[in-house]
Each structure stands twice: as structure tokens, then as C-alpha cells.
Amino acid sequence: MTMRTSYVVQTFVLKRKRLVPGDRESTAAESGALKKAEAMAGRFPGTAALRIVADDETGELESATILAQFGEVPDDFAESLQGG
């Protein structure tokens, strides 16, 4: 079992007056995810930088950690990451 760590920027958009996840963009490093999330926060209601650790072979999620949040992020976002 090989674990792979990846870094993602999750955007949030308003749809029908509700904050919902938008696009995700991968980055090569944690610092890149943090910088990109902060920069993108000016164009979206909210962004989050994430560290995702998953089994490289099966894709099974080991952990998902919110590194930083900018702007508005749904209250249940952290719970939804842990739920799968």
C-alpha cells in the first residue's frame, strides 16, 4: 500500500443563494495550495486549501485536512471531507 499526498484548492460558489463546492485545482506543494487559495479568494465567495492523503493503488481516502480557508466556506465542509 503506497500512500500519496496531494494538495488541492477547493472553490465555493453561490447557487440559488446557497454556498456549494465549485471547481478543484491541484497544486504540487502545500505552499502552492495556500498561495493559490488566498489569491483565488478575491474571485470567489470562498476557497479552501486541502491536503489529501489516499492509497495510490485503491484511491481509498486516508485523511483530508483543511490547511486554510479564505472567505465563506460552508459550515459542514470539514464534516463532509471526513465523511468521504
Side-chain angles (χ1 to χ4, degrees):
M1 172 164 49
T2 304
M3 301 310 269
R4 169 173 267 169
T5 301
S6 56
Y7 301 94
V8 175
V9 174
Q10 174 69 62
T11 63
F12 295 93
V13 296
L14 287 173
K15 284 193 178 176
R16 297 183 183 169
K17 298 182 183 180
R18 292 191 56 203
L19 202 57
V20 297
D23 294 331
R24 285 187 179 180
E25 288 191 31
S26 297
T27 64
E30 182 175 326
S31 61
L34 292 167
K35 288 178 186 177
K36 184 172 257 189
E38 187 172 16
M40 291 174 77
R43 299 189 315 252
F44 294 93
T47 60
L50 310 170
R51 178 189 311 119
I52 309 292
V53 179
D55 185 316
D56 199 27
E57 295 174 11
T58 66
E60 185 177 337
L61 181 68
E62 174 76 15
S63 67
T65 305
I66 299 172
L67 301 171
Q69 300 179 148
F70 302 94
E72 296 180 51
V73 175
D75 293 333
D76 63 349
F77 179 60
E79 294 170 15
S80 70
L81 288 176
Q82 298 306 318

**OP:** Mark yes or no for whether Thr27, through its side chain, and Ala29, through its backbone, hold a donor-acceptor pair below 3.5 Å.
**Re:**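 Yes.
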**OP:** Check for a donor-acceptor pair, side chain of Gln10 on one end and backbone N or O of Ala49 on the other, with a separation under 3.5 Å.
**Re:**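 Between the backbone of Ala49 and the side chain of Gln10 there is no qualifying donor-acceptor contact (under 3.5 Å).
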Which atom names give the shortest non-hydrogen contact between [X] and [Y], and what distance separates them?
X	Y	value
Ala33	Val9	O-CG2, 3.4 Å
Phe70	Ala41	CB-CB, 3.5 Å
Val13	Gly22	CG2-CA, 4.3 Å

Any side-chain heavy atom of [X] sitting closer than 4.5 Å to one from [Y]?
X	Y	value
Phe77	Leu50	yes
Leu14	Leu19	yes
Pro21	Phe12	yes

Original post:
So how far is it from Asp56 CG to Met3 CE, rounded to the nearest 0.5 Å?
Top reply: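 Here the rounded value is 9.5 Å.
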**OP:** Rounded to the nearest 0.5 Å, what's the gap from NZ on Lys36 to OG1 on Thr11? Could you check?
**Re:**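 The OG1 atom of Thr11 is 11.0 Å from NZ of Lys36, to the nearest 0.5 Å.
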Original post:
More than 12 heavy atoms of other residues, nucleotides or ligands under 6.0 Å from CG of Asp76: is that the case?
Top reply: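 Counting other residues, nucleotides and ligands, CG of Asp76 exceeds 12 neighbours.
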Subject >> Heavy atoms of other groups near Asp23 CG, more than 12 under 6.0 Å >> reply: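 For Asp23, atom CG is not crowded (no more than 12 foreign heavy atoms under 6.0 Å).
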Subject >> Hydrophobic cluster membership, Leu34 vs Ile66, 4.5 Å side-chain cutoff >> reply: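 No, it is not one cluster - the side chains of Leu34 and Ile66 are not joined through contacts under 4.5 Å.
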**OP:** Establish whether Val73 and Ile52 are linked, either directly or via other cluster members, by ILVMFWY side-chain heavy-atom contacts under 4.5 Å.
**Re:**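 Both belong to a single hydrophobic cluster.
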**OP:** Could you walk me through whether Gln69 and Thr47 pass side chain to side chain contact (heavy atoms under 4.5 Å, CB included), step by step?
**Re:** CA-CA 6 Å; Gln69 300 179 148; Thr47 60; over 6 Å; no
